[in-house]
Trainee: 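Pasting a structure here, questions to come.
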Amino acid sequence: MSSSTPISVRVRFAPSPTGFLHVGGIRSALFNWLWARHNGGISILRIEDTDRARYVEGALDQICDSLEALGIAPDEGPREGGEYGPYVQSERLDLYHQHAKPLLESGALYRCWCSPERLTKLREEAQATGVAFKYDRHCLIAANQRSETEPHVLRFRIPDAPESIGWDDAVRGRLDFKLTDLDDFVAIKADGFPTYHFANVVDDHLMAISHVLRADEWLPSTPKHLLLWQAFDWQPPVYAHLPAVLGPTGNKKLSKRDGAQSVQEYLDEGYLPEALRSFLASLGWNDGTTQEVYATDELVERFTLERIQRSPAKFDKDRLTWMNGFLIRQMPLDKLLERSRGFWPASASDSSMTYRRHVLRLVQDRLKFLSELSELTEFFFTEPDYRSGILETEADSDRYRHPTFAVCLRAARQAVENSDFSEASLEAALRPLAEELGTKTGVLFSAIRIAITGQKSAPGLFETLAVLGRETSLRRLDNAIKQL
RNA sequence: GGUCCCAUCGUCUAGCGGCCUAGGACAUCGCCCUCUCACGGCGAAGAUCAGGGGUUCGAAUCCCCUUGGGACUACCA
């Protein structure tokens, strides 16, 4: 299946509402979305909530919100609706029972009344003898048939033939499994809910899914799914198993302990959706060139299944951060201004957009993610905080022996007094001053910077003074001089 | 234990038999630019292509074995 796949492409992302979407999950969502877009197909969000015990309140909304915030909202789903709904499995129970019935009649499914205790015992025995556990089909024997009204599950009977079952995985290639290694898995639980395996296959068929792009961990259960497709006499979709996303330390699957964060947390820190998309895409996919950052339309255009990596990728936040800063630097100033909403320091609330725009221009190159904006620009909106003693400490240092710190500031104040505070005139006034005072430019400028910003590092001095303006700049110089 | 998957710089990766004494990027270090911090430019260090056997005139690339890591092995997904 290349870009010229003749069938209409319909893909689904099928998370369980058991918590927020972590980066591994969102990567799967992205790949599905990209494949749909690449083919002009449809992407679907299906919620797999068949385990009532693990259901987390609000998780569904969080998942939908995250996808929307990332700009990869599905075409069909719980919020969007669609012709193949409902898109939440707990609302599809009738459908599963309806489809279980003929399989039960044909013998593909059978009733099992075995207690969890018996199953556990069997498992322990198998463990002890070093044999792989497989259900012993105790309830398949006529003598063990009990009443249909007693609680029971429906198991799928692994057929005796063929010897093996396999498929051409779009990323792994040919994969085959022996049927004798497979266990008669449960299809319908005692509570009437289907298991993942059963619901998944029924829904993928009913929703006309053409490609299943899902995490690696599903690979071992794919033969069970294939057997189910076969029992139904349905045409299975193309399977593509995605490599795992690992935590930055160790080789374990990414988990919250490894610093895995929800998509929302990254967004809150000021990571751009386009940076997240480009970075996530690079986790297990590349186009074969040396390009490092991709615009989303480039991703859509170039994304193919055969370029998906087979080996797992570790999540490297440093690289994400670099990519985010790179994209911030590339962004037109007005767009960045728009995006920076909500990240300004509280003290900026009374400042005009025009003023903020000038400030933003000065820090754009220094921003790695938007939440840094606040501490980077605080002094533009509020008087510098000298309480840390930065003024005194600097004034005492050896650099300010001959022209003292105070002398530098007074001279600077005087030099700048009649300036129109344009960058050019500020530079013309201050640049020659160092030599006049018999000190280095850096020493003079540093004194001014500290007085003006309260910090040792800040944007360029002339730019900063120009943005702050005459009144504020002179006032801060005076205040600093007064304090010495 | 069983079944299966994976294996190139610390990390993301290029590589699909000769172009590789292995390329790019992040991170690290150095230099330059420079009023500081960034940005940018240049450069350094960093991978005996997990190890061992084959196949071949020729292997990071194909095959086998070993090792290491991971997933699955639930009336969870």
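Per chain, numbering begins at 1; letters A, B, ... match sequence-line order.
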Trainee: Check the side chains of A:Asp216 and A:Trp218 for a donor-acceptor pair under 3.5 angstrom, ignoring hydrogens and angles.
Mentor: no

Trainee: At under 4.0 Å between heavy atoms, what does A:Ser446 touch on the DNA or RNA strands: base, sugar-phosphate, or nothing?
Mentor: nothing

Trainee: Have A:Asp184 and A:Tyr110 got a donor and an acceptor in their side chains that come within less than 3.5 Å?
Mentor: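 Yes, A:Tyr110 and A:Asp184 have a side-chain donor paired with an acceptor closer than 3.5 Å.
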
Trainee: Using a 4.0 Å heavy-atom cut-off across all strands, classify A:Gly460 as base, sugar-phosphate, or nothing.
Mentor: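 It contacts base atoms.
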
Trainee: Hey, does A:Val153 reach any base, or is it just sugar-phosphate, or nothing, if we go heavy atoms under 4.0 Å?
Mentor: base

Trainee: For A:Ala458, answer base if it contacts any base atom (sugar-phosphate contacts may also be present), sugar-phosphate if it contacts only those atoms, and nothing otherwise; contact means non-hydrogen atoms under 4.0 Å.
Mentor: base

Trainee: Would you classify A:Gln364 as touching base, sugar-phosphate or nothing, given that sugar-phosphate means primed atoms plus P, OP1 and OP2, and contacts are heavy atoms under 4.0 Å?
Mentor: nothing

Trainee: Kindly say if A:Gln309 contacts the phosphate of B:rA14, meaning a side-chain N or O under 4.0 Å from OP1 or OP2.
Mentor: yes

Trainee: Could you check whether A:Pro15 gets within reach of a base, just the sugar-phosphate, or nothing at all, counting any heavy atom under 4.0 Å?
Mentor: nothing

Trainee: Kindly say if A:Ser282 contacts the phosphate of B:rA25, meaning a side-chain N or O under 4.0 Å from OP1 or OP2.
Mentor: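 For A:Ser282, the contact criterion (side-chain N or O under 4.0 Å from OP1 or OP2 of B:rA25) is not met.
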
Trainee: Quick check: any donor-acceptor pair below 3.5 Å linking the side-chain of A:Arg449 to the base of B:rC35?
Mentor: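 Check passes, donor-acceptor contact within cut-off.
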
Trainee: Take A:Pro194 and A:Ala313, find for each the nucleotide of RNA chain B with the closest heavy atom, and name the residue whose nucleotide sits nearer the 5' end.
Mentor: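 Checking each residue's closest nucleotide, the 5'-ward one belongs to A:Ala313.
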
Trainee: Quick one: is A:Lys368 getting a side-chain N or O under 4.0 Å of the B:rC37 phosphate, OP1 or OP2?
Mentor: no

Trainee: For a quick check of understanding: with a heavy-atom distance under 4.0 Å over all strands, which category does A:Leu283 fall into, base, sugar-phosphate or nothing?
Mentor: sugar-phosphate

Trainee: Testing A:Phe279, A:Phe326, A:Trp285 for ring pair (Phe, Tyr, Trp, His ring centres under 6.0 Å) with A:Tyr294, which one passes?
Mentor: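 By the ring pair (Phe, Tyr, Trp, His ring centres under 6.0 Å) criterion, A:Tyr294 pairs with just one of A:Phe279, A:Phe326, A:Trp285: A:Trp285.
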
Trainee: Please classify the nucleic acid contact of A:Leu175 as base, sugar-phosphate, or nothing, using heavy-atom distances under 4.0 Å.
Mentor: sugar-phosphate

Trainee: Nearest nucleotide by nearest heavy atom, which residue falls closer to the 5' end of RNA chain B, A:Ser311 or A:Cys112?
Mentor: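 On the 5' side of the pair lies A:Ser311.
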
Trainee: Less than 3.5 Å apart, any donor N or O on the side chain of A:Thr18 or A:Arg54 sitting next to an acceptor on the other?
Mentor: no

Trainee: Is any side-chain N or O of A:Arg431 closer than 4.0 Å to OP1 or OP2 of B:rC35?
Mentor: yes

Trainee: Taking any heavy-atom pair under 4.0 Å as a contact, classify A:Arg214: base, sugar-phosphate, or nothing.
Mentor: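 A:Arg214: no heavy atom of the nucleic acid under 4.0 Å.
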
Trainee: Tell me whether the side-chain N/O atoms of A:Lys456 come closer than 4.0 Å to OP1 or OP2 in B:rU36.
Mentor: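 Looking at the OP1 and OP2 atoms of B:rU36, neither is under 4.0 Å from any side-chain N or O of A:Lys456.
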
Trainee: Heavy atoms under 4.0 Å, any strand shown: does A:Thr50 hit a base, just sugar-phosphate, or nothing?
Mentor: sugar-phosphate

Trainee: Rounded to the nearest Å, what distance is computed from the CG atom of residue A:Leu320 to the P atom of nucleotide B:rU13?
Mentor: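 Going from CG in A:Leu320 over to P in B:rU13 covers 14 Å.
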
Trainee: For A:Arg329 and B:rC26, give me the distance from atom CZ to atom C1', rounded to whole Å.
Mentor: 12 Å

Trainee: Once you apply the 3.5 Å cut-off to both distances, tell me the Watson-Crick or G-U wobble partner of B:rG18, or none.
Mentor: B:rC57

Trainee: For the residue pair A:Thr222 and A:His241, confirm or rule out a side-chain donor-acceptor distance under 3.5 Å.
Mentor: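 Side chains of A:Thr222 and A:His241: pair found under 3.5 Å.
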
Trainee: Remember a base hit wins even if backbone is also touched, and classify A:Phe177 as base, sugar-phosphate or nothing at under 4.0 Å, heavy atoms.
Mentor: sugar-phosphate

Trainee: Considering every strand and a 4.0 Å limit on heavy-atom distances, what is the contact class for A:Leu461: base, sugar-phosphate, or nothing?
Mentor: base

